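Since this is a predicted model, take the numbers as computed values, not measurements. Numbers restart at 1 for each chain; the letters A, B, ... are given by sequence-line order, proteins then strands.
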Amino acid sequence: MSELPKAYKPQAVEKQWYEKWTANKCFHADENSSKEGYSIVIPPPNVTGILHIGHVLNNSIQDILARRARQQGKEVLWLPGTDHAGIATQTKVEKKVREDEGTTRHELGREEFLKRVWSWKDEHGGIIINQLKRLGCSCDWDRERFTMDEGYSEWVSKVFVDLFNDGLIYRGKRMVNWCPKSLTALSDEEVIAKPQQSKLFFMKYEFVDAPGEYLEISTTRPETLMGDIAVAVNPDDERFAKHVGRKVRRPFPEAEIPVIADDHVDIEFGTGALKITPAHDKADFEIGQRHDLEIIDVLHPDGTINCPEVPELDKLDRFQARRKAAEMLEEKGLLIKVEQHENSVGYSERADVPVEPRISMQWFLKYPCTDEATDAVLSGDITYRPERWVKTHMNWMGNLQDWCISRQLWWGHQIPVWYRKEKVFDLKEAESLDVTDLKAGDIYVGTEPPEDGDNWERDEDVMDTWFSSWLWPFATMDDATKAKFYPTTDLVTGPDIIFFWVARMIMAGFKYENQIPFKNVFFTSIVRDSKGRKMSKSLGNSPDPIDLMDKFGADGLRFGLMRIAPTGTDIRYDEDTISEGRNFANKLYNACRFRQMHGTGVVALESLEKLDPHHIDILAKLDQLSLNLDKAYDSYRFNDVTAHLYEFFWTEYCDKFLEAIKFDFKSGDDAAKQRTLAVIDTVLSRYLTHLHPLMPHITEELSAKLGYVGEGEFVMTTEINQAPVLAAMSAAEVSKFSEQATAVYSTASNLRNLKAEYHLAASKDVRFVVKPVADWVAAQCDTLITLIGAKGMELDTCYEAPQGTPAAVTAIGEVYMPLDGLVDLDAEKARLDKEIQKVAQEVERAGKKLGNEKFVANAKPEVVQKEKDRLGEWENKLSQLEEMRAALG
RNA sequence: GCAAGAAUAGCUCAGUUGGUAGAGCAUCUCGUUUACACCGAGGCGGUCGGGGGUUCAAGUCCCUCUUCUUGUACCA
């Protein structure tokens, strides 16, 4: 055992322990184990993504749960993996292809492009995994999965085919969310509504039968007016009812369109007349359906105008076209005014551009097992923490829309549908396709390509990434693993993907495994910056966790983050909190270094005989810590876990206990020293085990260095010892010692205070005289001297203090601080008066409360008793203080 | 609009059946005594967002208002 350096350097230590754990297969989950199973599947991060602070929070919690479960003797599976992240990854690679090769994916062709994506994946796919390892994550890496690996892809196809055969998947022409940048359809969940400052254009359409007479219309999208096929008014709108059935003139391309009546139109909004563009607005589309209106699409997929009849606008970008169309209206004298108007616009989650409502042929899924999934959450078979997310979940479940699962991308699971070549055109243009079309023999749906493949053409689209993710809890496991570890125990994820992922996994779980996929869902907080903003790359406010680990260590980062990880709300990220984690690691390290300086070899605690109050006290607090941790873990209160660990070690162990025992080491009494070392070893070895889930590396390091864990053994694989250390001692005796220790500590605090008031904080020459309250005080004087930093402490029941001797009433009795030549009578009088005033106030307050009959009658007996005890103490103190004050004249 | 959450010390946050408001950081004063200055001792700092109510007693329960966050709906 080598002497430890003065400050803890986590970097090398952490790396070394991770390697040791891996080499010894500590993370391996044995599906044949007879132990109780515990399992978590990781929310798979984007395969080419990099770690951000949200991942750190999320995965630290999972690691803490997994490590704690191992310590409780469970067989633990933490199953890791990554997600192919269709749009995000494809977009990245397209950009790279454009930059590096000056070409596009279409020029390269599907096969060549996919080669580029795979090599990008191979190049960057390991980054986030290595970052998780750096963090200390105890995943079973032998079971690492990827949503596009072979077995997983088979599952995805199988599920598609199965749901198709069930009639739950169909193809149809629908109004979908179209991303003009990624050139693909999106699900409703991938559209983010953003409030915007828009312009509301007021324009006028001339009545065909009455030239010079106009109908006023308001719109935010003049660039789509070429697609107008009608103007709608509310049938109850008295202003316009008479116009229904008349025709107005669309300005360009010029056309006569009818005025129709529809309830959807809001009389209050704008002019009360709504232009109907069924191709470019969801509501207009529905109105169009009701009135059997023609659909005129005036946009290209990329958001540019498709309207050769109006050359001024044709091929313009939609936003340029908006301005241009307004100008054209103005030139024609048809623009009345433009108002500022706040509305919200749907943005593509990935590409961050406004989505375009667009009619297009897509594959849709009717969700399976919705009833079972709803019941599972409502009945509590699946627990949500915080519970309020149940409501959010239910709001969504109650308003389910069919899921648009096809994407016009190449990177992903290609839809396993083939069209007979000679009919491919008809089939692709067909209004709808579903299981009934299989019978005609013109489409083929299967996990394997059709045998006469040359006669078939495969659907080009791929599936939404989430269509693979929703199978994650079971598609990642083989049968033996499932038998042991499914359903999984805990799922830890962010509430932002409750619809994307959590809710859908529950439905898939019921559909394919006939049961819930997980028992508890823990939703983490969202980490925000100090101004309360979401962390984002574009804002540049997202700290790099790797930098933080370089600076504070993985353990420090974990501990610091967990200290502020609440169960409910968002957390504001503050680097100072992380540095507290580093400081704590250093404190721990130095406390262990202090132990090491007093000899090698673990000293066993063989007996509780002859232990001092502060020994018993710290052991009692250790036992209490264990109980507190159980409670905090049971309720997933990680900030409580952290707070208990912090408080016990820093305040109770270091600030109080370690200071108190320094006298044992100075005294020269070897037996006393050995007893103290035994207590230290008991506390440290257990404490390091308790702390391990939060700070896995340093706890292994120190346990090994101090010999608490043998060569080839690990804290992480050691079952936690739950038996109380003080089991052999009666509760009454324990509390007697604890009270004595508490009295000593509080007296130390009082006397330090007294010293400070006389500017003697630094002086160690001060002597004290005590009028003790009990016999046991005598044995505590040496400890007190050490704690206070004083020269001596005498007991003298009959002590008569010289006039003006500073004194304090403490838990061990009246204590005097004789100061030769330093006595200032007036100062001491003033100090005592102040103290008396304070105590008198307390006596009055407690007296008043106890004088209140209703309080005594209604409050719980223990509350009343506590108040009585307090009053007694204050009164006692007051009379002592008054006595001392009287002695000064 | 609807729903959920939040508002406590200068900052970040605790405060679990109502019973004398807490921690860390920051700041100030002292201090390198055999672990640790990534430290120790001590101090300063709060009418718990405003207003009402219930109660002997409210940070905690109820009502209401204000501000913020997050969903969600509508948005021509």
> If you look at every strand shown and take non-hydrogen atoms under 4.0 Å, does Asp281(A) touch a base, only sugar-phosphate, or nothing?
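Contact class for Asp281(A): sugar-phosphate only.
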> In B/S/- notation, 5' to 3', how is nucleotides 38-48 of chain B contacted by protein heavy atoms closer than 4.0 Å?
BSSSSS-----
> Looking for any heavy atom pair under 4.0 Å, which part of the strands does Val265(A) touch: base, sugar-phosphate only, or nothing?
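Counting heavy atoms under 4.0 Å across all strands, the contact made by Val265(A) includes a base.
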> Report the nucleotide, chosen from G5(B), A35(B), A23(B), that has the shortest atom-to-atom distance to any side-chain atom of Arg563(A).
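Per side-chain heavy atoms of Arg563(A), the pick is A23(B).
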> Just the atom pairs and distances: protein N or O near nucleotides 55-61 of chain B's N or O, under 3.5 Å.
| from | atom 1 | to | atom 2 | distance (Å) |
| --- | --- | --- | --- | --- |
| C56(B) | O2' | Asn852(A) | ND2 | 2.8 |

> Could you tell me whether the side chain of Phe201(A) reaches within less than 4.5 Å of the side chain of Ile336(A), counting heavy atoms only?
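No, their side chains stay 4.5 Å or more apart.
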> How close or far is atom C1' of C74(B) from atom CG of Leu200(A), stated in whole angstroms?
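Checked: the CG to C1' distance equals 14 Å.
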> I need the CD-P distance between Glu349(A) and U72(B), as an integer number of Å.
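Roughly 11 Å, once rounded to whole Å.
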> Just to be sure I understand the rule, does Lys755(A) reach a base, reach only the sugar-phosphate, or reach nothing, if contact means heavy atoms closer than 4.0 Å?
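The answer is nothing, as Lys755(A) stays clear of every strand by at least 4.0 Å.
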> By the 4.0 Å heavy-atom rule, please label His341(A) as base, sugar-phosphate, or nothing.
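Here His341(A) touches the backbone only, sparing every base.
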> Using a 4.0 Å heavy-atom cut-off across all strands, classify Ile276(A) as base, sugar-phosphate, or nothing.
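The answer is nothing, as Ile276(A) stays clear of every strand by at least 4.0 Å.
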> Using a cut-off of 4.0 Å on non-hydrogen atoms, how would the nucleic acid contact of Asp576(A) be classed: base, sugar-phosphate, or nothing?
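Asp576(A): backbone/sugar contact only, no base atoms under 4.0 Å.
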> So what does Arg221(A) hit on the nucleic acid, given a heavy-atom distance under 4.0 Å: a base, only sugar-phosphate, or nothing?
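Touches nothing.
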> Starting at CD1 of Ile661(A) and ending at P of A35(B), how long is that distance when rounded to a whole Å?
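These atoms are roughly 10 Å apart.
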> Please state whether the phosphate of A4(B), meaning OP1 or OP2, lies under 4.0 angstrom from any side-chain nitrogen or oxygen of Lys391(A).
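Checking A4(B) against Lys391(A), a side-chain N or O does come within under 4.0 Å of OP1 or OP2.
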> Tell me, do Arg831(A) and Leu754(A) make a side-chain contact under 4.5 Å, heavy atoms counted?
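Yes. Closest side-chain heavy atoms under 4.5 Å.
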> For the pair Glu339(A) and Lys199(A), find out whether any cationic side-chain nitrogen is under 4.0 Å from an anionic carboxylate oxygen.
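Judged by the 4.0 Å cut-off on N to carboxylate O distance, Glu339(A) and Lys199(A) do not form a salt bridge.
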> So, Tyr687(A) versus Phe649(A), ring centres under 6.0 angstrom or not?
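Yes, the ring of Tyr687(A) comes within the 6.0 Å limit of the ring of Phe649(A), centre to centre.
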> Provide, to the nearest angstrom, the distance between the CG atom belonging to Leu588(A) and the P atom belonging to C36(B).
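Rounded to whole Å, this separation is 15 Å.
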> Nearest-Å distance, CE (Met562(A)) to C1' (A23(B))?
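Met562(A) atom CE is separated from A23(B) atom C1' by 17 Å.
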> Determine the contact category for Glu867(A): base if any of its heavy atoms lies under 4.0 Å from a base atom, sugar-phosphate if only primed atoms, P, OP1 or OP2 are that close, otherwise nothing.
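The answer is nothing, as Glu867(A) stays clear of every strand by at least 4.0 Å.
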> Any N or O donor-acceptor pair linking the side chain of Thr220(A) to the base of C75(B) at under 3.5 Å?
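Per atom types, no contact qualifies.
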